[in-house]
Amino acid sequence: MAIKTLMLIFIIFLLALAYNLWTHRNRKFLIYSPNENLNLRSIMIITAVLLVLISITGIIIMIVGSKESNFITLILGSVVAAGFSIYLANIGR
């Protein structure tokens, strides 16, 4: 039961991150402007869509899968969020 609760919190976090990226695709995001950097804008859209898909998959896994299969959601969500963070860190270089 605790694993399902923690997974639900993680999925809500992923959906909140996806919502934040989606709503900021046309306005300032942190210190960057997606309207000036079209590559950033497209990466934000792709990341938001991937996070929503991972969240939907995570809900399905949480309902019908085993406890061990929840790691799929954890790994995929973490990799996508980390990839976006690494991209943001390398924009100024």
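Computed from a prediction, not measured in an experiment: that's the story for all the values here. Position 1 is the first residue of the sequence, and the numbers go up from there.
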Do Leu8 and Leu74 share a hydrophobic cluster, counting only Ile, Leu, Val, Met, Phe, Trp and Tyr and linking them when any side-chain heavy atoms are less than 4.5 Å apart?
-> yes

Indicate yes or no for a side-chain donor-acceptor contact from Arg25 to the backbone of Arg41 under 3.5 Å, with no hydrogens or angles considered.
-> no

Which residues pass the side-chain contact (heavy atoms from CB on, under 4.5 Å) test with Ile11, sequence neighbours left out?
-> Leu15, Ser55, Ile59, Thr73

Does Val64 belong to the same Ile/Leu/Val/Met/Phe/Trp/Tyr cluster as Ile56, with side-chain heavy atoms less than 4.5 Å apart forming each link?
-> yes

Between Ser42 (side chain) and Asn39 (backbone), is there a donor-acceptor pair under 3.5 Å?
-> yes

Cluster question for you: counting only ILVMFWY and a side-chain heavy-atom cut-off of under 4.5 Å, with indirect links fine, are Leu51 and Tyr87 together?
-> yes

Got Phe84 and Leu21 here, is their nearest side-chain heavy-atom distance under 4.5 Å?
-> yes

If you look at every heavy atom in Phe10 and Ser78, which pair is closest and at what distance?
-> CZ-OG, 4.1 Å

In this structure, OG1 of Thr47 is separated from CD1 of Ile54 (nearest 0.5 Å) by 9.5 Å

Are any non-hydrogen side-chain atoms of Ile3 and Met62 less than 4.5 angstrom apart?
-> no

Compare all side-chain heavy atoms of Leu76 with those of Val80 and state whether any distance is below 4.5 angstrom.
-> no

Shared ILVMFWY cluster between Ile72 and Ile12, side chains joined below 4.5 angstrom?
-> yes

Heavy-atom closest contact (Asn70 atom, Met7 atom, distance) | O-CE, 3.6 Å

Considering all heavy atoms, the nearest Ala18-Val52 contact = CB-CG2, 3.8 Å

Following the transitive rule for hydrophobic clusters with a side-chain heavy-atom cut-off under 4.5 Å over Ile, Leu, Val, Met, Phe, Trp and Tyr, establish whether Phe71 and Ile61 coincide in one cluster.
-> yes

